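In each ligand, atom 1 is the first atom listed, and ligand 1 is the first ligand listed. Here the structure is a predicted model, which is why all the values come from computation and not from measurement.
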Amino acid sequence: MSTTVRTRFAPSPTGHLHIGSARTALFNWLLARHTGGTFVLRVEDTDAARNTEASRDAIFSGLKWLGMDWDEGPQVGGDYGPYFQSERNEIYDRYLAQLEASDRAYKDESGATRFRMPDQPITIDDLICGSQTINLKEQGATRWDAKLKKDVAANPDLVIRRADGSYIFHFVNVVDDIDMKITHVIRGEDHLSNTPKHAALFEALGAPLPIFVHIPLNLNADGSKMSKRDQGASITDYIEQGFLPSAVCNYIALLGWSPKDDEEIFSLEKLIKRFELSGINRSNSRFDFKKCLWLNGEHLRRLDADELLQKSTPFLTEKNIPLDDPRLPAALQLIRERAETLDQIPAGIAPIFSADIEIEEKALAKISGRKNITDVLQGLHHSFADQSDWSEENIKASIVATAEKLELKMGALMLPCRIAATGKAGGPDLLPLLVLIGKNIVLDRITQLIAKL
Ligand code: GLU
C-alpha cells in the first residue's frame with residue numbers, strides 16, 4: 001500500500017511572508033496537490049519574544065492570496081492538531097518522556113534536558129543535496145571559544161529543553177513531523193545543516209525518516225543574500241503593486257524548479273499537473289524582477305474580461321475611474337496589451353474618463369519645438385471635426401489626409417495627436433483610444449494644446 005503524501009509548511013511568525021518562504025510553501029503545496037496528498041500548515045511559534053500576530057496574519061493572508069489552501073492547520077483544524085507549536089506542550093512532554101525512558105535524554109547539571117548524541121555516524125540522503133555522513137558526537141565534542149580563540153571541550157549532547165522548561169526548535173520540529181505523519185520535509189537549504197541532528201532524533205524516537213528535500217537558496221540578482229528590504233522580498237509588496245497571484249506563483253515556481261521543456265507560462269492548475277520534485281534545480285536561483293513583471297503582463301493578457309475587471313477594481317476605485325462607464329470593458333482590453341501590473345491600468349486609461357488632462361512636461365518638450373506643430377494640430381482638428389462617424393477607420397483617414405496635405409508622413413502626426421488627446425507621449429494604441437475618448441473631447445483637447453504652444 002502506498003503512503004499518502006503529507007507535506008507541511010512550518011513558518012515562524014516573526015516577519016512578513018518572504019518570497020523564499022512562499023516558494024517553500026508553494027513546493028510543499030504543489031507536491032501535495034500533484035499527488036493527491038495533504039498539505040499541512042503548522043505555525044512554529046515557540047519563540048514568544050519574536051512572534052507577532054501581525055506576522056501570523058500576513059502569512060495566512062499571503063498564502064491565501066497566492067491561492068494556497070491548507071488541508072490541515074490553523075482555521076481549518078485536522079486530526080493532528082493543535083497546529084500552533086505554542087499549544088502542543090503536552091505532546092512534546094510525551095515524546096520527551098519516551099526519550100528519557102529509553103535513556104536517550106537526561107537532565108544536565110544546569111537543569112536543561114539533553115539528547116544523547118549517537119556514537120555512530122549519521123547518514124542523511126537529501127533528494128536535492130545528496131548524501132552526507134557526519135559523526136555528531138565527534139563534531140560536538142569541542143566548541144570554538146571566541147575569547148580563548150581555540151577549540152575547547154564541550155558536551156556533544158543536544159539541548160532539547162531549556163532549564164526554564166521551554167523546548168528547542170530541533171526537538172519540536174522533529175516531534176511535529178513525526179506526530180503529524182509528514183512524509184516529505186521540503187524546506188530551504190539553510191536547514192540542511194540541522195538535518196543530521198533531526199535524523200538522530202527521528203531514529204531515537206523510533207520513527208522512519210521523511211524524505212528530505214532542501215531547496216537551494218534564492219539570491220538577489222547580484223548574487224548577494226536576499227534580505228527583507230530587497231526589492232521583491234515581501235509578498236505584501238506584490239499585492240499592493242498589482243501583481244496577479246497566478247503570475248507570482250508562476251514566477252516563484254520557476255525560481256528553483258524547471259519543467260522538462262522550456263515552457264514558462266504556468267497557471268496554478270498547470271503547475272499542479274507538471275510539478276515534480278525531480279525538476280527542482282540544484283543550484284541557487286537569482287531573483288529577476290524584470291522577469292516577474294514580464295510574467296505578470298503575460299498573465300494579465302490571459303485573464304477573461306470578467307476576471308480582468310474584478311482584479312482591476314480596487315486599483316480603478318482608488319483612482320476614481322467609474323466602474324459603471326460603458327467604455328470601461330473596452331478600455332481595459334486596450335490597456336492590458338501594454339500594462340505589466342494592475343496598478344499601471346488606471347493611469348493608462350485615465351484620459352478616457354477624466355474631464356481634464358495634464359500635459360506632461362516631457363511630452364510637451366517632444367513636440368513644442370517642431371516648426372509645423374500648429375499646422376498639424378489645426379489640420380487634425382479640422383479633419384476630425386468633419387467626421388460624423390467617429391470610428392477607427394475614419395480617424396485614420398483624417399490623419400492620413402492631413403499628413404498628405406502638409407506633405408508629412410502619417411507617423412509625424414501621431415505623437416502630437418496622442419499628446420493632445422492624453423497629455424502623454426506613450427500609452428495604448430492611439431486609434432481605439434481616440435474612439436473611446438470621444439470626438440468632442442478630442443477636439444477640445446487639440447484646441448487647448450494649440451493655445452498652450
Ligand atoms: N520554522 C522553520 C523556519 O521558519 C521551519 C523549519 C522547517 O521547515 O523544518 O525556518
Side-chain angles (χ1 to χ4, degrees), residues 5-32 37-60 62-63 66 68 70 72-74 80 82-88 91-92 95 124-129 158 160 166-202 205 207-218 225-228 233-235 252 256 277 280:
V5 166
R6 289 178 60 84
T7 63
R8 86 312 193 261
F9 175 50
S12 304
T14 56
H16 56 194
L17 181 58
H18 188 271
I19 186 142
S21 312
R23 183 183 61 159
T24 300
L26 182 64
F27 287 6
N28 278 287
W29 184 83
L30 285 174
L31 182 67
T38 302
F39 175 62
V40 179
L41 175 61
R42 172 173 91 221
V43 181
E44 303 213 322
D45 59 347
T46 49
D47 189 349
R50 291 180 63 224
N51 297 322
T52 67
E53 215 168 290
S55 161
R56 198 189 62 192
D57 293 347
I59 293 170
F60 292 176
L63 290 175
L66 288 164
M68 287 182 244
W70 49 97
E72 290 175 27
Y80 302 95
Y83 292 91
F84 288 96
Q85 286 188 330
S86 57
E87 296 169 11
R88 294 175 60 82
I91 297 167
Y92 304 139
Y95 279 82
I124 56 155
D125 287 306
D126 187 88
L127 208 68
I128 310 295
C129 305
L158 180 72
I160 51 177
S166 61
Y167 285 101
I168 297 282
F169 159 73
H170 302 294
F171 180 68
V172 293
N173 183 267
V174 168
V175 167
D176 286 348
D177 284 340
I178 296 172
D179 203 65
M180 296 179 181
K181 302 200 167 25
I182 299 302
T183 57
H184 294 70
V185 169
I186 307 173
R187 60 188 174 191
E189 203 186 280
D190 45 333
H191 284 290
L192 184 63
S193 60
N194 294 326
T195 307
K197 293 181 197 121
H198 295 186
L201 282 163
F202 272 98
L205 287 164
L209 289 183
I211 295 171
F212 288 113
V213 185
H214 285 91
I215 323 166
L217 299 180
N218 176 45
K225 208 170 165 225
M226 211 170 181
S227 85
K228 283 184 198 167
S234 165
I235 294 301
I252 297 176
L277 292 176
I280 295 181

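In terms of polar-atom proximity, Val185 is not counted as a contact of ligand 1, lacking any N or O under 3.5 Å from an N or O of the ligand.
The Asn173 neighbourhood of ligand 1 comprises atoms 6 (C), 7 (C), 9 (O), with distances under 4.0 Å to a heavy atom of that residue. Taking a cut-off of under 4.0 Å to the non-hydrogen atoms of Glu44, the atoms of ligand 1 that pass are 1 (N), 2 (C), 5 (C), 6 (C). The atoms of ligand 1 that sit less than 4.0 Å from any heavy atom of Ser12 are 1 (N), 2 (C), 3 (C), 4 (O).
Proximity of Tyr92 to Phe171: side-chain heavy atoms (C-beta onward) are separated by under 4.5 Å at one or more points. The side-chain heavy atoms of Thr38 and Met180, taken from C-beta on, include no pair separated by under 4.5 Å.
A salt bridge is absent between Asp45 and Arg56: the closest approach of a Lys/Arg side-chain nitrogen to an acidic carboxylate oxygen does not fall below 4.0 angstrom.
Counting only distance, with no hydrogens or angles, the side chain of Arg88 and the backbone of Pro82 share a donor-acceptor pair below 3.5 Å.
Taking 4.0 Å as the cut-off, His198 does not count as a neighbour of ligand 1 on heavy-atom distance.
In this structure, the protein non-hydrogen atom closest to atom 3 (C) of ligand 1 is His191 NE2, 3.6 Å. The nearest protein atom to atom 8 (O) of ligand 1, hydrogens excluded, is given as Arg8 NH1, 2.8 Å; this is a heavy-atom distance. Of all protein heavy atoms, the one lying nearest to atom 5 (C) of ligand 1 is Ala10 O, 3.1 Å.
Atom CD of Glu44 and atom OG1 of Thr14 lie 11.0 Å apart (nearest 0.5 Å).
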Please test His191 against Phe212 for ring-ring contact (aromatic ring centres under 6.0 Å, His included), starting from the C-alpha separation and ending with a verdict. CA-CA 10 Å; His191 284 290; Phe212 288 113; over 10 Å; no

